[in-house]
Structures are given as structure tokens and as C-alpha cells.
Amino acid sequence: MNTWRAQFQVDPLPLLREAQYREIRYFTGRDLHGMEIFPLQTLWEMPEVRRLLRCQQPDGSWKYPGANHKSPTSEDYSQIETFRNLGILVEKYGLTREHDSIRKAAEYFFSKQTVEGDIRGIYGSQYTPNYTGAILELLIKAGYTREEPIRRGLGWLLEMRQDDGGWSVPLRTHKGSLYTDLVDKPPVEPLRSKPSSHLATGCVLRAFAAHPDYHKHPAVQNAGSWLASRLLKTDNYPDRRGIEYWTRFSFPFWFTDLISALDSLSCLGFPPDQPDIRRGLDWFINHQLPDGTWQLKLLRDKDITLPLWMQLNICRVFHRFYRD
């Protein structure tokens, strides 16, 4: 048995290879066997893709659910919905910039980029390094790696680091600052001396982990070490502070959880025997069920394919850490 599969008591691969869902079988073959069992573009014609594309707006965005939804502030809910649907198209069906819908979504997000380089609006006027990083991750995975907006966005993120090497949501570094009071005010600069947030750092690192040129960047490696040191620990800020949030999972990735963090660290070349990373990997080894699956706390659990996606992501992580 291959080295990565030997880490488990039960081989988790057969269930993925035999899955009834074409998208699961495709990415299992590509990412765990290094082979395409059928052309990627066949996934682009699946009913779920067509349904999402019918709802895309002419400007490349998707409307937030609820025709009468109006925010009393400048929070841009269309950005949230566009981020969500872009994630589905890129992560679950492999759409790239070759598809017109992805090009339109990219132009929509580039139109939301400020002169400074961040993508702003989800938190109103406030900085959102976590969402900037998460959006850039999807665009990079869709094939946008050399474009000037990508370069500016990654450069802005590098400039927004805390002194300890990670990232925070800047307004959270100001004690007593209320988001509701600041959402329409000029953006609050981070207090760099305050500790980083693993919620924000994990989201930001996903962009750098996806980009082919940033894996060995000293600042990125330093941030990865910081994130590894925080696995399965409480966050420094109120948002999703508790340890339990590490093991509440979603895919496409949204917040920082144990799978998304290990996914980035595996892409950045960290070794599996590093003690903090070993602790994270052991969590999955120890929680595997006798049938080779995992019973995880899943967010957005109406998606019946989500358990298989999580199983695939666990296998991807171990496959990268224990390359044969």
C-alpha cells in the first residue's frame, strides 16, 4: 500500500474510486492517481453547473438569495454570494478561466479591488484580508496567476501582516471596536503588535498556497509556521474562537478549519513529522470509523456529496504530506 494510505487503519481510497458522483471520481483520479479518467470539461456540462450559470448576472456576480434583501449598510452581499458560487464552480467542477462565466466572475471581483490592492465590500468599508485571500485563492486556482490584480492583491496581503507573521481582521485588533459602528467608516488600520488570528491567517494562506510562485516566500513560510502552532487551539479574537470550530468543516473551504489549514500547509511543503502538524494529522487518523469513513460536523450539510468531498480532501492532505 502507498505510504499515505498506510497511515490509516482502513484504506479510505476505495469508497472514493467507486463513488457514484462523476466529480468525485474525476478528482480522485486526478489528485490521488495522477490521471484523468475522462476530460475535465465534461463536468462543466453537469446540471448543477448549468443551474448556477443561469443565475449569474451580466456583470459576473450572483445575487444574494432573497429578492427583497437590502442591507442598511454598505455591506456587499452580492460579493458573498459570488464568492460562494465561484467556489462551487472552481472547486467541485473544475471550471477555469477558459469558461466565460469564470472570466466574468473574475472581472467582477477585480472591479471590487481598491487601489491599495484589497477586495473590499463584504465588511462594508473595512479591510477584509480573510475574504481577500479566500477570493484570490479561487481566482488563482481558476488560472489567474500572472495578472496585475492578483499581484497587487497578494502584495497587499503581505503588507498587512501582524508583527508575529500572521494576519488578523484589522478592526478586531482594536479593543472595544464594534463592527456595526465601523462598517461605513474609513477602514481601521491593524494594530500590528496584537496577535494574529488563525481564522484570518488560514484564509489568507490559502491564496499563497495555491499560487505557484509563493510557496517558499519567507513571509509565507513564517505565517505557515505560525498557523501550524495554532492548530486545535483557541483563536485570539471572538470570531469562531472556540477549539470546536477547528472540527466544523465545509467545502468549498470558507472559514479556517483543520482540513483547510492542513491543506495549505501540505501545499507549502511543511513536513508531516513537525509536531504541530502531526497532532493535526493524528486527529483524522484517530477519528476514522471502521468502514474507512469519517463522521464529521459538516456546515451546509444539505449537500449530500459533502461527506465524500471531505473524505477526498483528507486524502489529498495525506497524499501531499506523504508523497511516494
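These values consider heavy atoms only, across backbone and side chains, with no hydrogens, waters or symmetry-generated copies. In what follows, residues are counted from 1 in the order of the sequence shown. What you are looking at is a predicted structure, and each value in this text was computed from that prediction instead of being measured.
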Practice prompt. Please assess Tyr123 against Val169 for the test side chain to side chain contact (heavy atoms under 4.5 Å, CB included), listing each intermediate value before the final yes or no.
Written response: CA-CA 10 Å; Tyr123 291 167; Val169 177; 4.0 Å; yes
Short question: side chain of [X], backbone of [Y] - any donor-acceptor pair under 3.5 Å?
| X | Y | result |
| --- | --- | --- |
| Arg323 | Arg320 | yes |
| Asp31 | Arg316 | no |
| Lys233 | Ser229 | yes |
| His174 | Pro190 | no |
| Gln221 | His215 | yes |
| Thr96 | Glu98 | yes |
| Gln162 | Gly166 | no |

Decide yes or no for [X] and [Y]: does some side-chain heavy atom of the first lie under 4.5 Å from some side-chain heavy atom of the second?
| X | Y | answer |
| --- | --- | --- |
| Thr256 | Thr201 | no |
| Gln311 | Leu16 | yes |
| Thr173 | Tyr237 | yes |
| Trp62 | Cys55 | yes |
| Trp156 | Pro129 | yes |
| Ile119 | Thr114 | no |
| Trp226 | Ser196 | yes |
| Ile285 | Phe318 | yes |

[atom1] of [X] to [atom2] of [Y]: how many Å apart, nearest 0.5 Å?
| X | Y | atom1 | atom2 | answer |
| --- | --- | --- | --- | --- |
| Phe284 | Thr247 | CZ | OG1 | 8.5 Å |
| Leu32 | Leu312 | CG | CG | 6.0 Å |
| Tyr127 | Leu157 | OH | CG | 12.5 Å |
| Leu89 | Leu53 | CG | CG | 5.5 Å |
| Leu265 | Gln274 | CG | CD | 8.5 Å |

Taking [Y] as the starting point, is it possible to reach [X] by hopping between hydrophobic residues whose side chains are less than 4.5 Å apart?
| X | Y | result |
| --- | --- | --- |
| Phe109 | Phe253 | yes |
| Met46 | Ile37 | yes |
| Leu268 | Leu231 | yes |
| Leu258 | Leu306 | yes |

Those residues that, when tested against [X], pass side-chain contact (heavy atoms from CB on, under 4.5 Å) (two or more places apart):
| X | answer |
| --- | --- |
| His217 | Leu158, Tyr214, Ala219, Val220 |
| Pro238 | Arg172, Arg241 |
| Lys63 | Gln57 |

Item to complete: Give me the ring orientation class for His287 and Trp283: parallel if the planes are under 30° apart, tilted from 30 to 60°, perpendicular past 60°.
Response: parallel
Worksheet entry | Steps toward side-chain hydrogen bond (donor to acceptor under 3.5 Å, both in side chains) verdict (Asp239, Tyr245) | CA-CA 10 Å; Asp239 310 291; Tyr245 288 106; over 6 Å; no
So, [X] versus [Y], ring centres under 6.0 angstrom or not?
| X | Y | value |
| --- | --- | --- |
| Phe8 | Trp294 | yes |
| His198 | Trp246 | yes |
| Phe38 | Tyr26 | yes |

I need the full list of salt bridge (Lys or Arg N to Asp or Glu O under 4.0 Å) pairs touching [range], with sequence neighbours left out, sorted by first then second residue.
| range | value |
| --- | --- |
| residues 202-228 | Glu137-Arg206, Arg146-Asp213 |
| residues 107-126 | Asp76-Lys112, Glu116-Arg120, Asp118-Arg120 |
| residues 37-48 | Glu45-Arg50, Glu48-Arg51 |

Is the count of non-hydrogen atoms from other residues, nucleotides or ligands lying under 6.0 Å from [X] atom [atom1] greater than 12?
| X | atom1 | answer |
| --- | --- | --- |
| Glu148 | CD | yes |
| Lys185 | NZ | no |
| Glu189 | CD | yes |

Worksheet item: What's the shortest heavy-atom distance between Ile102 and Tyr144, and which atoms?
Response: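 That would be O-OH, 4.2 Å.
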Item to complete: Please step through ring-ring contact (aromatic ring centres under 6.0 Å, His included) for the pair Tyr108 and Phe110, ending with a clear verdict.
Response: CA-CA 6 Å; Tyr108 169 78; Phe110 292 154; over 10 Å; no
Discussion item. Would Arg30 and Phe27 count as a cation-pi pair here, with the cationic atom under 6.0 angstrom from the ring centre and within 45° of the axis?
Written reply: no
Worksheet item: Have Asp235 and Ser197 got a donor and an acceptor in their side chains that come within less than 3.5 Å?
Response: yes
Worksheet entry | Full working for ring-ring contact (aromatic ring centres under 6.0 Å, His included) between Phe321 and Phe270 | CA-CA 8 Å; Phe321 275 124; Phe270 281 80; 8.5 Å; no
Fill in: Steps toward side chain to side chain contact (heavy atoms under 4.5 Å, CB included) verdict (Phe249, Asn313)
CA-CA 11 Å; Phe249 303 101; Asn313 281 316; over 6 Å; no
Item to complete: Please report the C-alpha distance between Ser61 and Asp59 in whole Å, then the side-chain angles of each, then the deciding distance to 0.1 Å, and finally whether the side-chain hydrogen bond (donor to acceptor under 3.5 Å, both in side chains) criterion is met.
Response: CA-CA 6 Å; Ser61 69; Asp59 68 353; 2.7 Å; yes
Practice prompt. Run the salt-bridge test on Asp163 and Arg192 with the 4.0 Å N-O cut-off and return the result as yes or no.
Written response: no
Practice prompt. Would you mind checking if Arg5 and Asp11 are paired as a salt bridge, meaning a charged N to carboxylate O distance below 4.0 Å?
Written response: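 Salt bridge between Asp11 and Arg5, a charged N being under 4.0 Å from a carboxylate O: yes.
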Item to complete: Give the intermediate values and the outcome of side-chain hydrogen bond (donor to acceptor under 3.5 Å, both in side chains) for residues Trp254 and Tyr131.
Response: CA-CA 9 Å; Trp254 197 296; Tyr131 277 112; 3.0 Å; yes
Discussion item. Please determine whether salt bridge (Lys or Arg N to Asp or Glu O under 4.0 Å) holds for the pair Arg103 and Asp100, giving the CA-CA distance in whole Å, both sets of side-chain angles, and the decisive distance to 0.1 Å.
Written reply: CA-CA 5 Å; Arg103 291 195 296 272; Asp100 184 57; 3.5 Å; yes
